[in-house]
Amino acid sequence: MTYGAGLKSVTFRAGAGCGGWRVGAGGASVMTKWLIAFLLAIVGISGPASAQDRWARINTVTAGIGTQQVIVDASGWTAGCKGIRFAVLDANIAIEHISIVYTTGRVHAENVSPPVRIGPGAQSRVFAATNDARQIRLITLRFSRLDRTARPATIEVWGLQPARPTLSAPPPTAQNRGFRMEREQPSGGSAPPPMARRMEVQPPPPPAPQPRMQTAPPARESMDASRSAPPSDAVPRSRSMQPPAPAARAPEAAPAPPPVAMSPGTAPKAATRSLAPAATDPNKPYTEVDVYFGTDRKREADRTKFGRAVAAFGTGRSNELALGKAVVTVPKEGREKGSIPRPEWDLIVARFSLRDEDLSRDFTVFAVDVMTQRDFVREARQKLAGARRFPGQAFVFVHGYFVTFDDALFRAAQIAHDLEFDGVPFVYSWPSVAGLTGYVLDRGRARDARDQLRAFVDIIAKESGATEVHLIAHSMGADPLLEVLRDIQRSEPQVATSGRPRFGEIILAAPDVTRESFELIASQITGLRRGMTLYASSNDRALAASRWTRLGESPAGYVPNGGPVVVPGAADTIDISSLDTSFFGVNHSTFADREALLGDIRRLISSGMRPPSTRGPEFELVQSEHGAYWRYKK
């Protein structure tokens, strides 16, 4: 159950998908709340089970000494279940938190207060009881040890399996649904390998009314004591777990992938997961997009999302280049190309979240792992080897002003997904302060990132194995990228004269650099790239603000009354002022927010066709006193 902040009410949630009831909290006693929770628990727990339902073992995990969290892979158990419970074979633990990720993307998270204590041979109460069987992907259990024995703890996870027409049929074959996790070795000694997953069926335990803990949204980790369920000693518990009779035992399934056991605060190992394309599982409401990142942001304490540690980077700056891989989920339905649906609302100075993340409707950061350069290059090469539509190709995206680390991952994933780009998407995230009032500070941060960005681009161009690397910079991100290109031109002049450009297409979207700098650098780096395209606009309010800070000097991405910047023979300039989009209220992501432009970028990087009028009739040739440019017409 959860309280609304500052509200005189309390919401009781009777399990995932079971709705909720709202009752007044003013003046309600603790005993009254416990009584209501007890009654709701009886309704929620006694309802789903039937006489024909069976308890079956989902998996067994061994938690090493000092480990207080385990992650159990349940993707091979395809039968679905109507609730879960835990059993401990050789230790005393107190369950403090559970999190369940269903294959539909829904998340059930529950803070257990007071903790549920179970000892050797005992079973916990039922968690996440539902009326329908649901397939589970991951189960996270956080607990504390109550004994002082220096030995691992063996924990079993059992699921309430719905009635079947016959028990003679073999259980489903264990399958890896494209999600693989390696064990994190706990401090103080390594845990022995987990036992093979079994599908053992035993008669259901005797019915006993058990108070059921209320679920809390995943992002809310703390619960007030007045909202807790009755103490665990009031919960009847079975003190024995006898093995089922041999005749009722189903054949053993293949061993499960090893679960992860982590100590609190332990950073995730590099490259601990491998996610296959979501198209292999049509039941998922989202697509997983791998994004390989580099950043000079300062690393912060890891977050916990979907039952595992996720690396986090804030707005501070570091002098080191961090490399890694992120997995971003993109909803399959309910969004237009170019859009990035999120639960937050941006109100100029702050972001407000009105609901929890939903994998079926939001972009989410599913995983972020920091990697060594060697692992980073190896995984990028493996990803590149599977490219079919864009064989041997990669792109590097450098974001602009007012962007968080997660925002940068979302935008890179959106571009890759909407372009149907199956090469390798890279993103470089410099430490933007992500605030409208931080424009001047962001400009300095972008320039300070040049050295790390140069190292990142060199790794991709020289070690990733890509035969063609495209560079895409947005807004203020064009400043450090152009400086990096000029630095390459100066330090490696042989590249420009070799006749084999190091880069494919360079795409600058609303670049926030001076016209003079753009004209100079664009003419200097012609030998480094196959082609260069500039998208400019006259209705970009962020660039209009940039003009004000530059005392009226127009950025290269802005189209004044005299027309856009034109550098004949060095870049194709396209005026996209006829497009009117809104991004954070400043019309500043037009390049990725319109399907027509996404199509143009796709054709550009796949074929290199130019001039723009050869790629579609929507581009109109305009002759100016400075040269030719193209105008997008609706």
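FYI, the numbering just counts along the sequence from 1.
- Checking H399 against S432 by side-chain atom types alone, no donor-acceptor pair falls below 3.5 Å.
- At a cut-off of 3.5 Å, with distance as the only test, no side-chain donor of D362 or T364 sits close to an acceptor on the other residue.
- Screening T329, V289, V328 for a side chain to side chain contact (heavy atoms under 4.5 Å, CB included) involving F363 leaves a single residue, V328.
- Residues S475 and D512 have side chains that never bring a donor and an acceptor to within less than 3.5 angstrom of each other.
- In R355, the CZ atom is crowded: over 12 heavy atoms of neighbouring residues, nucleotides or ligands sit closer than 6.0 Å.
- In this structure, V424 and Y292 approach most closely via the heavy-atom pair CG1-CD1, 3.6 Å.
- Under 3.5 Å, the side chains of S99 and T140 contain no donor-acceptor pair of N or O atoms.
- Neither side chain, Q489 nor R486, offers a donor N or O lying under 3.5 Å from an acceptor on the other.
- For the atom pair L508 CG and L482 CG, the distance stands at 5.5 Å (nearest 0.5 Å).
- Of the N and O atoms on the side chains of S318 and R299, not one donor lies less than 3.5 Å from an acceptor on the other residue.
- With salt bridges taken as basic N to acidic carboxylate O contacts below 4.0 Å, none links D418 and K337.
- For R631 (side chain) and I574 (main-chain N/O), no donor-acceptor pair under 3.5 Å exists by modelled atom type.
- Between the side chains of Y428 and D296, at least one donor N or O sits under 3.5 Å from an acceptor N or O.
- Listed by chain and number, the residues in a salt bridge (charged side-chain N to carboxylate O under 4.0 Å, His left out) with R303 are D406 (sequence neighbours excluded).
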For this session: Carefully, step by step, assess V622 and W630 under the rule side chain to side chain contact (heavy atoms under 4.5 Å, CB included).
Result: CA-CA 6 Å; V622 179; W630 287 260; over 6 Å; no

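- Within the 3.5 Å criterion, the main-chain N or O of L520 finds a donor-acceptor partner in the side chain of S523.
- Ion pairing between D479 and R443 fails under the 4.0 Å rule for side-chain N and carboxylate O.
- Checking side-chain atoms of Q452 against main-chain N and O of N319 turns up a donor-acceptor pair under 3.5 Å.
- For E336, the CD atom counts as loosely surrounded, since its 6.0 Å shell holds 12 or fewer non-hydrogen atoms of other residues, nucleotides or ligands.
- When side chains are defined from C-beta on, T295 does not count as touching V427, because their heavy atoms never get closer than 4.5 Å.
- Taking the six-membered ring for Trp, F366 and F306 have ring centres closer than 6.0 Å.
- There is a side-chain donor-acceptor pair under 3.5 Å between Q373 and E463.
- Between the side chain of S339 and the backbone N or O of P341 there is no donor-acceptor pair closer than 3.5 Å.
- Between the side chains of Y286 and D358, no donor-acceptor pair is found at a separation under 3.5 Å.
- Between E357 and R361 there is no salt bridge, since none of the side-chain N atoms of the basic residue sits less than 4.0 Å from a carboxylate O of the acidic one.
- A search for ring pair (Phe, Tyr, Trp, His ring centres under 6.0 Å) contacts involving F410 returns nothing, not counting sequence neighbours.
- Between H470 and L604 the shortest side-chain heavy-atom distance does not fall below 4.5 Å.
- Ionic pairing of E420 and R602 is present here: one or more N-O contacts between side-chain nitrogen and carboxylate oxygen are shorter than 4.0 angstrom.
- Checked against the 6.0 Å centroid criterion, the rings of F293 and F426 do not qualify as a close aromatic pair.
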